[in-house]
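Counting starts at 1 for both ligands and their atoms, following the listed order.
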Amino acid sequence: MKETEIPPEHPRAESLRIREKLVEHYKAGIVAKAGLFAHGRGEAFDYLLGEKTTKNALKAIEAAAAALLTAKHPVISVNGNAAALAAKDIVKLAEVTRAKIEVNLFYRSAEREIAIKKLLEAAGAKQVLGVGKAASAKIFEIGSERRRVDPAGILVSEVVLVPLEDGDRTEALVKMGKKVVAIDLNPLSRTAQFATITIVDNIVRAMPALVETAEKLKQEDRRKLESILSDFSNKKNLGEAMNLISQRLSELADKGTFISIAQKGKE
Ligand code: PTJ
């Protein structure tokens, strides 16, 4: 079934459309096979969060926008899932925050790098770093293929946005003194735990909200942005995200069934 063939009245239509988008981008060589599993893990947490951007996520989004806007060399790191689900917003965010866009893959292959670069260019990106020989620098603290980075991008950046990610790199980047902004539906993941700012939200909702917030905060002076950053505690915010899940579950547990079948004539 194609994304466009999903019946709009299906109660899970939006979620099915996102899945189909990932499957199509998998077939096009953009998403890694493991990217499909990764999305399934994210979906499970999205269910627990109520599939909406919470106030808690908005707080992290504000801090993330402030971090990107105050950085000299902000970079948005792009993998297969992020490109498939948010290419246009990645380009918009790069424009608003003057960030560089760099392809950085766990399951690295020349074909996937090029396919992702083309997708980003079709979405309006003027420059895409980290592809082929351009990823000539190495971060030795990272064990995976993600260690290969662009000397004009992640290597010299002080703030890196890593939308949905596996954990080893975030830890290494933070150890190098960089600020890492993560978008991860799982507040327990290594990335979520190690990041400087963790947005516990679905990338499909978080990225447009981040673009909008960055556009607004861009009008503010630097002192205001710095105070947003110094007032933000990732530990506290992650704790709140976990509490939200726990509170929601206990409210639903009191009800037991919370979805009912609308019977004809009784809707
Ligand atoms: O494209 P590559 O080769 O770089 O590989 C990308 C994947 C995602 C396959 C790779 O980074 C990976 O294996 O990641 P993990 O370890 O599965 O972690 C992905 C994290 O993203 C998990 O914590 C998921 O809960 C989370 N996640 C999945 N889908 C979404 C998400 N978070 C936000 N929005 C989503 N749509």
Just to confirm my output: which protein heavy-atom neighbour is closest to atom 5 (O) of ligand 1, and how far is it? Tyr107 CD1, 3.7 Å
Look at atom 7 (C) of ligand 1 and find which of Val162, Val103, Asn79, Asp184 reaches it with the closest heavy atom. Asn79
Residue and atom name of the nearest protein heavy atom (relative to atom 19 (C) of ligand 1), distance in Å to one decimal: Glu165 O, 3.4 Å
Please work out whether any backbone atom (N, CA, C, O) or any side-chain heavy atom from C-beta onward of Asp201 is under 4.0 Å from ligand 1, and answer side chain, backbone, both or neither. backbone
Using a plain distance cutoff, I'd like to know if Phe106 has any nitrogen or oxygen under 3.5 Å from a nitrogen or oxygen of ligand 1. yes
Checking the N or O distance criterion of under 3.5 Å, is ligand 1 in contact with Asn202? yes
Part of Glu43 with heavy atoms under 4.0 Å of ligand 1, whether side chain, backbone, both or neither: neither
How far is atom 16 (O) of ligand 1 from its nearest protein heavy atom, and which residue and atom name does that atom have? Asp166 CB, 3.4 Å
So which heavy atom in the protein is nearest atom 31 (C) of ligand 1, and how far is it from that ligand atom? Leu164 CB, 3.8 Å
Short N/O distance, under 3.5 Å, between Arg108 and ligand 1? no
Please state which part of Ala38 comes within less than 4.0 Å of ligand 1, counting heavy atoms only: side chain, backbone, both or neither. both
Numbered in order shown, the ligand 1 atoms found under 4.0 Å of a heavy atom of Ser189 are 23 (O)
